[in-house]
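All remarks here apply to the structure that follows.
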Amino acid sequence: MKTIVDDIRTRFIVEWEHQQREDLRQIGVRPGTVVPLLGWLKLHSPFVQLTHMSAVDWIEEGELQLTYLLTDPVGMRSLMVCTRIDREEATMESVHALWPQAVTYEQEINEMFGICFPGSPRQGVPFILEGWDDMPPMRRDFDTVEHVHAHHPSRPGREHTDPRAYIGRVFGERGFLHDDD
Amino acid sequence: MESKKLPVLPVSAPPEGSVPHAPLGEGCFLGETQRPKAPKLREALATIKNWFRANSLWVMAYGTGCGSIELRPLTTARFDMERFGLAMRPTPRQSNVLIISGYLAVKSLKRVIRAYEQMPSPKWVVGLGSCTINGGMYWDSYNTINQLDLYLPVDTYIAGCMPRPEALLAGFGYLMEKIKKGEANGWHHYLENLDWYKENQKKVITAWDLPDYNW
């Protein structure tokens with residue numbers, strides 16, 4: 001595993017790296033580096049399979065993170081390639097020329113996070129949300145409860161518990177998970 | 001030629017206070033000993049038809065949410081729903097029971113409406129799990145409906161998250177009793193209030209491209 005990341009470092013700028021598990025390593029690169037890096041990995045490394053593509057909304061930092069999970073099917077190990085793009089002008093190069101299955105991932109990320117992949121087929125075609133007219137629902141400033149009250153009527157008589165207050169009551173004021181842990 | 005009379009067998013009188021058994025063929029269903037009170041022909045026929053309907057429920061093999069996991073043990077050897085006349089069918093054209101098994105996404109709702117309307121009448125809807133009743137744990141999800149009976153006529157709800165196969169069998173028993181009594185008329189309610197149902201459906205399915213009724 002170490003040799004592969006060293007090999008990557010001789011060719012591309014790696015901003016950070018992290019050993020998540022014995023068989024899982026994360027590296028962070030700039031957005032412009034992603035597609036050449038993934039192409040190089042597919043051709044010259046054992047990480048030939050795109051297993052997953054996902055996004056994370058870092059709203060406090062005004063960025064969206066894209067994660068490409070590559071797998072070495074022989075050595076049974078994985079490499080996560082992470083990059084961060086601007087949240088307001090969320091555009092990223094498509095990798096569907098490298099792996100055709102990326103079309104579906106990019107279609108879903110486009111729908112759920114509003115990230116545009118120019119050139120990728122099926123961008124803007126509804127994947128799960130048919131007739132959706134609100135902002136992308138996986139963005140953290142999307143108010144789910146407000147949307148539900150506006151669109152999905154409920155049977156009266158249901159009581160709700162605020163999760164934050166409930167966890168505070170059960171596990172103390174600071175809650176179960178602490179930020180500094 | 002003189003007809004020969006058959007000998008009459010001596011029958012002992014029933015003990016005092018006992019309820020006599022109804023003769024076979026006159027309302028003696030599944031050990032029910034109570035004789036119907038002089039039913040008219042139409043009512044009697046309806047009773048017989050409902051009895052047949054209740055004992056041959058054909059369920060559409062379709063799952064919308066996690067509750068459909070509980071349908072697998074129900075169909076296989078351990079719980080074996082076929083002993084109650086419940087059978088899985090592959091298409092809506094052959095089914096008369098539609099189970100909404102758990103949360104129902106808006107995208108699925110459109111397909112479910114289409115399947116329900118294609119089913120031959122009489123047909124029944126079973127709402128399985130808390131999600132169909134009041135949203136369950138997905139009550140604040142942006143993409144699931146919270147109350148099924150606004151969009152489809154529900155005959156039986158089975159509460160739980162998720163209800164075990166025993167609860168499902170109890171629910172089906174309840175549905176069968178309801179059908180036998182002639183009270184499971186959700187499909188009739190759907191046709192009588194089609195405009196109200198369609199209005200509710202179109203409110204939540206904004207990309208509406210279905211015909212007025214899916215024959």
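The sequence lines fix the lettering, A, B, ..., with proteins before strands; numbering per chain opens at 1.
- Atom CG of B:D140 and atom NE2 of A:H152 lie 10.5 Å apart (nearest 0.5 Å).
- For the set A:G157, A:P156, A:P153, the entry with the most heavy-atom pairs within less than 4.5 Å of chain B is A:P153.
- Heavy-atom neighbours of chain A within the stretch residues 102-125 of chain B, taken at a separation under 4.5 angstrom, comprise B:V106, B:K107, B:K110, B:R111.
- The environment of CD in A:Q101 is crowded: more than 12 heavy-atom neighbours from other residues, nucleotides or ligands sit within 6.0 Å.
- Between B:Y142 and A:F142, the ring planes lie perpendicular to each other; the angle is over 60°, past the 30° to 60° tilted range.
- Enclosure of atom CZ in B:R83 by more than 12 non-hydrogen atoms of other residues, nucleotides or ligands within 6.0 angstrom is indicated.
- Counting heavy atoms of neighbouring residues, nucleotides and ligands inside a 6.0 Å radius, atom CZ of B:F52 does not exceed 12 of them.
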So A:R155 and B:I133, side-chain contact (heavy atoms from CB on, under 4.5 Å) or not? Walk me through it.
CA-CA 8 Å; A:R155 195 184 298 280; B:I133 300 170; 3.9 Å; yes
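- Rounding to the nearest 0.5 Å gives a distance of 6.5 Å between CG of B:N143 and CH2 of A:W132.
- Within 6.0 Å of the NE2 atom in B:H189, the count of heavy atoms belonging to other residues, nucleotides or ligands does not exceed 12.
- Residue-environment remark: CG (B:L194) exceeds the threshold of 12 foreign heavy atoms within 6.0 Å.
- Of the atoms belonging to B:W208, not a single heavy atom falls under 4.5 Å from chain A.
- Atom CH2 of A:W99 has more than 12 neighbouring heavy atoms from other residues, nucleotides or ligands inside a 6.0 Å radius.
- Crowding of A:R30 atom CZ: a count of heavy atoms from other residues, nucleotides or ligands under 6.0 Å not exceeding 12.
- Nearest heavy-atom pair, A:V148 versus B:W139, reported as atom, atom and distance to 0.1 Å: CG1-O, 3.4 Å.
- More than 12 heavy atoms of other residues, nucleotides or ligands shown are found within 6.0 angstrom of CG on A:D141.
- Here the CG-NE2 distance, from B:N146 to A:H151, works out to 13.0 Å after rounding to the nearest 0.5 Å.
- For residues 147-167 of chain B, a heavy-atom distance under 4.5 Å to chain A picks out B:Q147, B:D149, B:L150, B:Y151, B:Y157, given by residue number.
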